[in-house]
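A quick write-up on the structure given underneath.
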Amino acid sequence: MRAPALYSAAGSLLLTALVAAPADGAPAVPGSAELRGTAVAATRARAAGVVFGACPAEEDLPVPVRCGTVSVPLDYAHPDGRQIRLTVSRVPATQKDPYNSKRRVPRQGALVFNPGGPGASGMYFPLIGALPEWKRVAAAYDLVGYAPRGVGRSAPLSCQDPKTFFRTPSQAPTYPSESYKKERVAQAKAYARGCATRAGDTLRHYTSLNNARDLDILRAALGEQRLTFMGASYGTYFGALYATLFPSHVRRMVFDAAVDPDPEQVWYRNNLKQSAVFEERWQDFRDWIARHDDVYGLGDTADKVLRSYEKAAALLARKPAGGTVGPGELQGAFLSAGYYDDYWPHRARALSAYLKGDPQPLIEQAGPYPEAAAEAENSHAVYTAVECNDAPWPTEWTVWDRDNTRLARVAPFETWGNVWTNLPCAFWPAPRQQPLDVRTGPGELPPTLVLAAERDAAAPYEGALELRRRLSGSVLVTERDAGTHGIAYGPNPCVNSHVDAYLLEGALPARRTACAPHPEPSPVTEPGPVTEPGPVANPSPVANPSPVTEPSPVAEPSPVAGLKPVTEPPKAPATRSAR
């Protein structure tokens, strides 16, 4: 497919300026070579377009999804050097009004989606148009997903043998001993070395800035003069980088479960904040279980529920359930419930059943899925590389130990697991970047829509406030007293109406708008299928809003629960992604 002309006269002048070399003796502006390289690559992509055809069998994508690839430079400072191919998926706009079969809806272009991570693939996103909440958007837009660099078949990154990725059962000490800490430090050093050994010189090119540049190449290849984009969790961060780098290329942008883009927070301090807020979300979950003590029998107060949880962890430490579920796997399963309250009934029932002598529900929900090991290892490798490359991290273990020992006194639930996930960044062998100062002035960027749940732990609410401050003209819609990570086209009609109005009409509410929370889940007494909520219509369980963690950048979650039979995201012990 050949793309139509992408640049207006003003855009053409910008392209010429970017490609031109600096005057003799003039100092190069930081990032100017990459900007010129992006312009060169976008011109090529515009000419080449995307040839969509049948999706490869390994993508497991049914008709009507079609797949293609887009070439991008590995290193934007050298656009004529090595190229890598990103996989892309698409379902064209139906142009059918879901409420009036005789009315044809005008096509508005492509809507590109990223579910977060780093390390999550959006290849399944186009299937989301089958959901009722999405039908109006699917009528107006081509739904486009893709696998970012390093993910899936897009120049895949690996840091260890996938056969060794799931080491279960595992421990999850709330207050780790010095010997345990020493062991985990050694593992983090080994993992960082593995990334360097397997990736070689390419390792430094897996960054959020390159993800933003890749997004501009995808825009050009799709024939879009300006980008319409929805990012969830970590996708909001490099979406914000895109808005800063290429404000004139933006049409509309939705930032769902916004990550704090403050350079001082990326990524170490964001992790600390996330661990602190997860303690509050863990309290919310325990309060809910206590209100349904008649169903679960785990205690009629949050403290009694905690004692039930700790009892289960102690029993699993002595005898892992099914030989694979130890305290680490228990903690991982309950951490994912901090992302999505849809999980609450199933997790509570599994814990209750285990303490009554039936371990099977817990094994099904918390156990590893060895068949997904390669996908899980790939996602974790990308998560680690991107976040370690993106920003400076403390390089002394004593700093990590000091900060997190203090934090664990008041927020023990996630703190140390979060440390072990990100600790390879202390020993990272590739150069660290300085984060871009995300910021746009009045009139530089079209109005954008920021969405946030007030009690989101994976992407704490302060991040949405900070993003709104930094992107001039942006509007924030808040779901009050709710904590689901990602709220677009979920169970809240108020939120969905604002997203519809923005995407379909370009209309925004007042600068700060609040919606009442969606209803709490109802308790369940019998086992049933537990599917992963999708990244938007029931948000993605695999995104990383910041260096902290989504239930795991580990397996590619389906953006639509039920469209792909994914149960729980395969989880390595104490391994998770953020955003």
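We're numbering straight along the sequence, starting at 1. These values consider heavy atoms only, across backbone and side chains, with no hydrogens, waters or symmetry-generated copies.
- With values rounded to the nearest 0.5 angstrom, L241 atom CG is found 10.5 Å from L215 atom CG.
- Side chains of R82 and T202 form a contact here, defined as non-hydrogen atoms less than 4.5 Å apart.
- Remark: the backbone N or O of Q187 is not paired with any side-chain donor or acceptor of W420 at under 3.5 angstrom.
- Two residues are said to be in side-chain contact when any heavy atoms from C-beta on lie closer than 4.5 Å; L362 and L316 meet this criterion.
- Counting only distance, with no hydrogens or angles, the side chain of S336 and the backbone of A333 share a donor-acceptor pair below 3.5 Å.
- Between the side chain of D358 and the main chain of A353, no donor-acceptor pair closer than 3.5 Å is present.
- Results of the ring-ring contact (aromatic ring centres under 6.0 Å, His included) test with F334 over F413, W344, Y343, Y309 single out Y309 as the only residue that passes.
- Between F125 and W134, the two ring planes are perpendicular [angle over 60°; tilted spans 30° to 60°].
- In this structure, the separation between OG on S179 and NZ on K182 is 9.0 Å, given to the nearest 0.5 Å.
- Side-chain contact annotation: D390 with S208, donor-acceptor N/O pair under 3.5 Å present.
- Using the six-membered ring where Trp is involved, Y234 and W267 have ring planes that are tilted, between 30° and 60° apart.
- Among R349, R347, H346, the one residue that satisfies the side-chain hydrogen bond (donor to acceptor under 3.5 Å, both in side chains) test with Q365 is R347.
- More than 12 heavy-atom neighbours from other residues, nucleotides or ligands sit within 6.0 angstrom of CG on D161.
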Original post:
Checking side chain to side chain contact (heavy atoms under 4.5 Å, CB included) for the pair L203/W428: CA distance, chi angles, key distance, verdict?
Top reply: CA-CA 10 Å; L203 185 61; W428 198 241; 3.6 Å; yes
Original post:
Should Y383 and N422 be marked as a side chain to side chain donor-acceptor pair (under 3.5 Å) after you check the CA-CA gap, both sets of side-chain angles, and the distance that decides it?
Top reply: CA-CA 9 Å; Y383 167 80; N422 295 286; 2.6 Å; yes
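- For E364 (side chain) and P361 (main-chain N/O), no donor-acceptor pair under 3.5 Å exists by modelled atom type.
- V382 approaches P118 most closely through the heavy-atom pair O-CB, 4.1 Å.
- Taking the ring centroids of Y268 and W400, they lie under the 6.0 Å cut-off.
- Interatomic distance, R286 CZ to L306 CG, rounded to the nearest 0.5 Å: 4.5 Å.
- Side-chain contact between L222 and V70: absent, with no pair of heavy atoms (C-beta onward) separated by less than 4.5 Å.
- If you look at Y242 and F229, their ring centroids are not closer than 6.0 Å.
- You'll find the side chain of L127 stays beyond 4.5 Å of the side chain of V91, heavy atoms only.
- In this model, no donor atom of one side chain and acceptor atom of the other lie less than 3.5 Å apart for D214 and Y146.
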**OP:** Just do the side chain to side chain contact (heavy atoms under 4.5 Å, CB included) check on T484 and H518 with the steps written out, would you?
**Re:** CA-CA 10 Å; T484 291; H518 65 273; 3.5 Å; yes
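- Under the 4.5 Å side-chain criterion, counting only non-hydrogen atoms from C-beta, P392 is in contact with P435.
- Although no hydrogens or angles enter the test, the distance criterion places no donor-acceptor pair under 3.5 Å between the side chain of E279 and the main chain of E414.
- Under a 4.0 Å N-O distance rule, the pair D260/K273 does not qualify as a salt bridge.
- For W416 and Y180, the ring centers sit 6.0 Å or farther from each other.
- The CG atom of N270 lies 8.0 Å from the CG atom of D262; values are rounded to the nearest 0.5 Å.
- No side-chain heavy atom of H485 sits under 4.5 Å from any side-chain heavy atom of R281.
- A donor-acceptor distance shorter than 3.5 angstrom exists from the side chain of S154 to the backbone of A147, with no hydrogens or angles considered.
- Under a 3.5 Å cut-off, the side chain of D256 and the backbone N or O of I487 do form a donor-acceptor pair.
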Subject >> Audit row: F52, V88, side chain to side chain contact (heavy atoms under 4.5 Å, CB included) steps and yes/no >> reply: CA-CA 9 Å; F52 285 102; V88 185; 4.0 Å; yes
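- When all heavy atoms of N389 and P431 are compared, the closest pair comes out as OD1-O, 3.9 Å.
- In terms of heavy atoms, A453 sits closest to Y461 at O-CD1, 4.0 Å.
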**OP:** Begin from the C-alpha positions of F285 and V305 and carry the test side chain to side chain contact (heavy atoms under 4.5 Å, CB included) through to its verdict.
**Re:** CA-CA 10 Å; F285 183 21; V305 173; over 6 Å; no
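- Taking the charged nitrogens against the carboxylate oxygens, D216 and R213 have no contact shorter than 4.0 Å, which rules out a salt bridge.
- Although no hydrogens or angles enter the test, the distance criterion places a donor-acceptor pair under 3.5 Å between the side chain of E377 and the main chain of C159.
- Looking at L467 and V259, their side chains never come closer than 4.5 Å, going by heavy atoms from C-beta outward.
- N271 is listed as a side-chain neighbour of W393, based on a closest heavy-atom distance under 4.5 Å.
- Between T405 atom OG1 and K181 atom NZ the span is 4.0 Å, to the nearest 0.5 Å.
- Taking CD1 of I363 as the start and OH of Y354 as the end, the distance is 9.0 Å to the nearest 0.5 Å.
- Within 6.0 Å of the CD atom in E396, the count of heavy atoms belonging to other residues, nucleotides or ligands does not exceed 12.
- Shortest non-hydrogen contact noted between T236 and G231 is CG2-O, 3.3 Å.
- Across all their heavy atoms, A54 and R66 have their closest contact at N-NH1, 3.5 Å.
- Nearest heavy-atom pair, A464 versus A452, reported as atom, atom and distance to 0.1 Å: CB-CB, 3.5 Å.
- Using modelled atom types, one side-chain atom of S308 and one backbone atom of L298 make a donor-acceptor pair closer than 3.5 Å.
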